[in-house]
Asks: 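Have a look at the structure that comes next, please.
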Amino acid sequence: MAKPIPKTGSRKNGRTGSRKHIRKIPKGVIHVQASFNNTIVTVTDVRGRVISWSSAGTCGFKGTRRGTPFAAQIAAGSAIRTVTDQGMQRAEVMIKGPGLGRDAALRAIRRSGILLNFIRDVTPMPHNGCRSPKKRRV
């Protein structure tokens, strides 16, 4: 009886090298979500598959410092550094949220050398939808 041929991803044949597949991406979309507590920067390709992401929390900022503009700038630089190594030259920027890190993240993206096709604000605005929570009394 013939021996079965092992599959090319099985544990038996001992895979060598990195599992992550590095692909060349010439164009992508940069999503910046800026809340009052944190700023999350996600870089995707045109189809929406995530290539790289970073946030102020993963960059080492804790507590209230995550919501600062400087933390957003560091997070944006960290997310973009990995995609420029993969060859991204053009990008579209989608900014969401009311946080302080909006402008700082955009400034860091502009400084990175990626050409920006357009910058769009995609903050969700209600058209008189749900009733908003009552105002805080401090």
Side-chain angles (χ1 to χ4, degrees):
M1 181 156 177
K3 289 184 180 178
I5 300 169
K7 294 177 184 170
T8 56
S10 66
R11 293 181 189 170
K12 290 179 184 175
N13 61 358
R15 181 183 307 157
T16 57
S18 175
R19 182 183 288 246
K20 205 172 231 184
H21 174 66
I22 297 174
R23 46 186 196 262
K24 293 287 180 188
I25 302 117
K27 187 180 175 192
V29 184
I30 302 169
H31 299 270
V32 178
Q33 183 185 358
S35 67
F36 291 116
N37 296 323
N38 202 355
T39 303
I40 303 168
V41 181
T42 309
V43 184
T44 65
D45 60 1
V46 184
R47 289 179 57 190
R49 295 178 295 189
V50 175
I51 302 161
S52 152
W53 69 275
S54 180
S55 71
T58 58
C59 290
F61 295 93
K62 296 293 176 199
T64 56
R65 281 178 276 177
R66 286 187 308 187
T68 61
F70 179 68
Q73 183 178 337
I74 299 294
S78 171
I80 289 171
R81 198 174 304 117
T82 57
V83 293
T84 50
D85 295 343
Q86 294 182 15
M88 184 179 284
Q89 292 129 6
R90 298 185 155 275
E92 304 164 356
V93 180
M94 309 278 195
I95 300 177
K96 182 191 282 188
L100 297 170
R102 293 167 58 105
D103 300 329
L106 185 59
R107 218 174 296 126
I109 293 166
R110 280 226 170 116
R111 251 201 334 246
S112 69
I114 294 177
L115 296 171
L116 302 180
N117 291 356
F118 61 82
I119 301 163
R120 185 178 290 171
D121 187 12
V122 291
T123 305
M125 297 294 266
H127 300 286
N128 283 345
C130 299
R131 182 173 180 160
S132 57
K134 64 180 181 182
K135 299 290 183 249
R136 284 184 62 196
R137 286 186 288 217
V138 181

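Since we're looking at a predicted model, the values are computed, not measured.
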Asks: Taking C-beta and beyond as the side chain, do R90 and P26 meet within less than 4.5 Å on heavy atoms?
Replies: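 No, too far: nothing below the 4.5 Å cut-off.
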
Asks: V32 and L106: side-chain contact (heavy atoms from CB on, under 4.5 Å), yes or no, with the steps?
Replies: CA-CA 8 Å; V32 178; L106 185 59; over 6 Å; no

Asks: Kindly say whether G97 contributes a backbone atom to a donor-acceptor pair with the side chain of R102 at under 3.5 angstrom?
Replies: yes

Asks: List for me each residue that meets side chain to side chain contact (heavy atoms under 4.5 Å, CB included) alongside R49, sequence neighbours excluded, and say none if there are none.
Replies: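 If we apply the side chain to side chain contact (heavy atoms under 4.5 Å, CB included) test to R49, skipping adjacent residues, the hits are R23, D45, R47.
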
Asks: What's the shortest heavy-atom distance between A76 and I109, and which atoms?
Replies: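 Closest approach of A76 to I109, heavy atoms only: CB-CG1, 4.4 Å.
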
Asks: Would I74 and I30 show up in the same hydrophobic cluster when neighbours are defined by side-chain heavy atoms closer than 4.5 Å?
Replies: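 No, it is not one cluster - the side chains of I74 and I30 are not joined through contacts under 4.5 Å.
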
Asks: Could you pull out the closest heavy-atom pair between S55 and A75, with the gap in Å?
Replies: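 Shortest heavy-atom separation between S55 and A75 comes out as C-CB, 3.6 Å.
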
Asks: Looking at NE2 of H31 and NZ of K96, how far apart are the two atoms once the value is rounded to the nearest 0.5 Å?
Replies: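 It is 9.0 Å, given to the nearest 0.5 Å.
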
Asks: Do S112 side-chain atoms and I80 backbone N/O form a donor-acceptor pair below 3.5 Å?
Replies: no

Asks: Could you see if M88 belongs to whatever hydrophobic cluster contains I119? Use Ile, Leu, Val, Met, Phe, Trp, Tyr and a side-chain cutoff under 4.5 Å.
Replies: yes

Asks: Using the side chain to side chain donor-acceptor pair (under 3.5 Å) criterion, which residues pair with T44? Sequence neighbours excluded.
Replies: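 Testing T44 for side chain to side chain donor-acceptor pair (under 3.5 Å), a comparison that skips the adjacent residues, returns none.
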
Asks: With sequence neighbours left out, what residues match D103 under side chain to side chain donor-acceptor pair (under 3.5 Å)?
Replies: none

Asks: Under 3.5 Å, side chain of T82 to main-chain N/O of S52, donor-acceptor pair present?
Replies: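 No.
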
Asks: For residues G101 and T39, report the shortest heavy-atom separation together with the two atoms involved.
Replies: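 Heavy-atom minimum between the residues: CA-OG1, 3.9 Å.
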
Asks: Each residue besides F118 in its hydrophobic cluster should be listed here, by chain and number; the cluster joins Ile, Leu, Val, Met, Phe, Trp and Tyr at side-chain heavy-atom distances under 4.5 Å.
Replies: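 V29, M94, V122, all in the cluster of F118.
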
Asks: Would V41 and I51 show up in the same hydrophobic cluster when neighbours are defined by side-chain heavy atoms closer than 4.5 Å?
Replies: yes

Asks: Can you find a heavy atom in the side chain of V83 that is under 4.5 Å from one in the side chain of Q89?
Replies: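 No, every pair of side-chain atoms sits at 4.5 Å or beyond.
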
Asks: Are the side chains of T123 and I95 in contact, using a 4.5 Å heavy-atom criterion?
Replies: no

Asks: So, for A91 and I114, which heavy atoms are closest and what is the spacing to 0.1 Å?
Replies: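 Scanning both residues completely, I find the closest heavy atoms to be CB-CG2, 3.6 Å.
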
Asks: Do the side chains of W53 and T58 get nearer than 4.5 Å, heavy atoms only?
Replies: yes

Asks: Using side chain to side chain contact (heavy atoms under 4.5 Å, CB included) as the criterion, list what pairs up with N37, not counting sequence neighbours.
Replies: S35

Asks: Using residues 63-71 as the side-chain source, report each donor-acceptor pair under 3.5 Å to any protein atom, sequence neighbours left out, with the distance given to one decimal.
Replies:
residue : atom : partner : partner atom : Å
T68     : OG1  : R65     : O            : 2.8
T68     : OG1  : A71     : N            : 3.4

